[in-house]
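No hydrogens, no waters, no symmetry mates; every other heavy atom, side chains included, goes into these values. We number each residue from 1, following the sequence as shown.
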Amino acid sequence: GIYPTNNSTADFSVSTPWIENVGAGSSVTCKVTVNPLNGFSSNVALTAGGLPSGVTASFNPSSISGGSGTSTLTLSVTNTSPGGIYSLTNGLSLYGTATIGLRSAPITLVINPQPRFVETSFVNDNLVMAVTNGFPGAACYTLGSTNMTLPESEWTPMATNAFGMN
């Protein structure tokens, strides 16, 4: 986090993991810690700013009492969130606010987008599908079922492939 420079008075800092990875349509949790310095003991409210489109943040608890403690940050990402790497350069930061002021901590969020089918065709007796938005090495699965009322978890994997660089 960003640490105060005046080390003779009560103050605090906020710390986080530097990077979190999440797939579009899911969520990720991490710990946010408020660190007291020189006897700091005030309450600190936690917020997030500069979130990418389709991302929401929630803290549990949303405020740290007594100037020291941890909160669980949940970053929830919609299915349609654009993939990419979001960091301080994009304005993404976590903040702790107390009566003495605001302190920040950088965090980087890597969003892996959902694959999208862009073309499906038959070539001879083969079903050929073109998929985009995959990260190299990520898996793409094709599922099938003769019973459309079954939940997706009970469908049969028909094919698996890994995304390449093209």
Self-check item: Sidechain-backbone polar pair: S81 side chain, G54 backbone, donor-acceptor under 3.5 Å
Solution: yes

Quiz item: What is the distance from atom CD1 of I85 to atom CG of N112, rounded to the nearest 0.5 Å?
Solution: 9.0 Å

Quiz item: What is the minimum heavy-atom distance between G23 and S26, and which atoms define it?
Solution: O-OG, 2.6 Å

Pair up each side-chain donor or acceptor in residues 57-77 with any protein partner under 3.5 Å, not counting sequence neighbours, and list the distances.
residue	atom	partner	partner atom	Å
S63	OG	V44	O	3.2
S71	OG	N60	N	3.3
S71	OG	N60	O	3.4
S71	OG	P61	O	2.5
T72	OG1	K31	NZ	3.0

Quiz item: Is L46 close to Y95 at the side-chain level, that is, under 4.5 Å between some pair of heavy atoms?
Solution: no

Practice problem: Could you tell me which non-hydrogen atom of A98 sits nearest to which non-hydrogen atom of N43, and how far apart they are? | Solution: CB-O, 3.4 Å

Self-check item: Minimal non-hydrogen separation, I100 against A10, with atom names
Solution: CD1-O, 3.8 Å

Quiz item: When you look at L109 and L92, which way does the side-chain contact (heavy atoms from CB on, under 4.5 Å) test go after all the steps?
Solution: CA-CA 8 Å; L109 181 64; L92 178 60; 3.9 Å; yes

Quiz item: Just wondering, do N38 and S8 contact through their side chains at under 4.5 Å, heavy atoms?
Solution: no

Quiz item: Could you walk me through whether L94 and T47 pass the side-chain contact (heavy atoms from CB on, under 4.5 Å) check?
Solution: CA-CA 6 Å; L94 304 180; T47 57; over 6 Å; no

Practice problem: Please confirm whether R103 makes a cation-pi placement over F12, using NZ or CZ under 6.0 Å from the six-membered ring centre and within 45° of the ring normal. | Solution: yes

Exercise. Working to the nearest 0.5 Å, report the span between CH2 of W18 and OG1 of T16.
Key: 6.5 Å

Exercise. May I have the step-by-step check of side-chain contact (heavy atoms from CB on, under 4.5 Å) for C30 and I107, ending in yes or no?
Key: CA-CA 11 Å; C30 64; I107 189 169; 4.2 Å; yes

Quiz item: Excluding sequence neighbours, so at least two apart, what forms side chain to side chain contact (heavy atoms under 4.5 Å, CB included) with I19?
Solution: T108, V110

Quiz item: What pair of heavy atoms forms the shortest contact from N79 to G25, and how long is it?
Solution: OD1-CA, 2.9 Å

Self-check item: Separation of S53 OG from Y86 OH (nearest 0.5 Å)
Solution: 7.5 Å

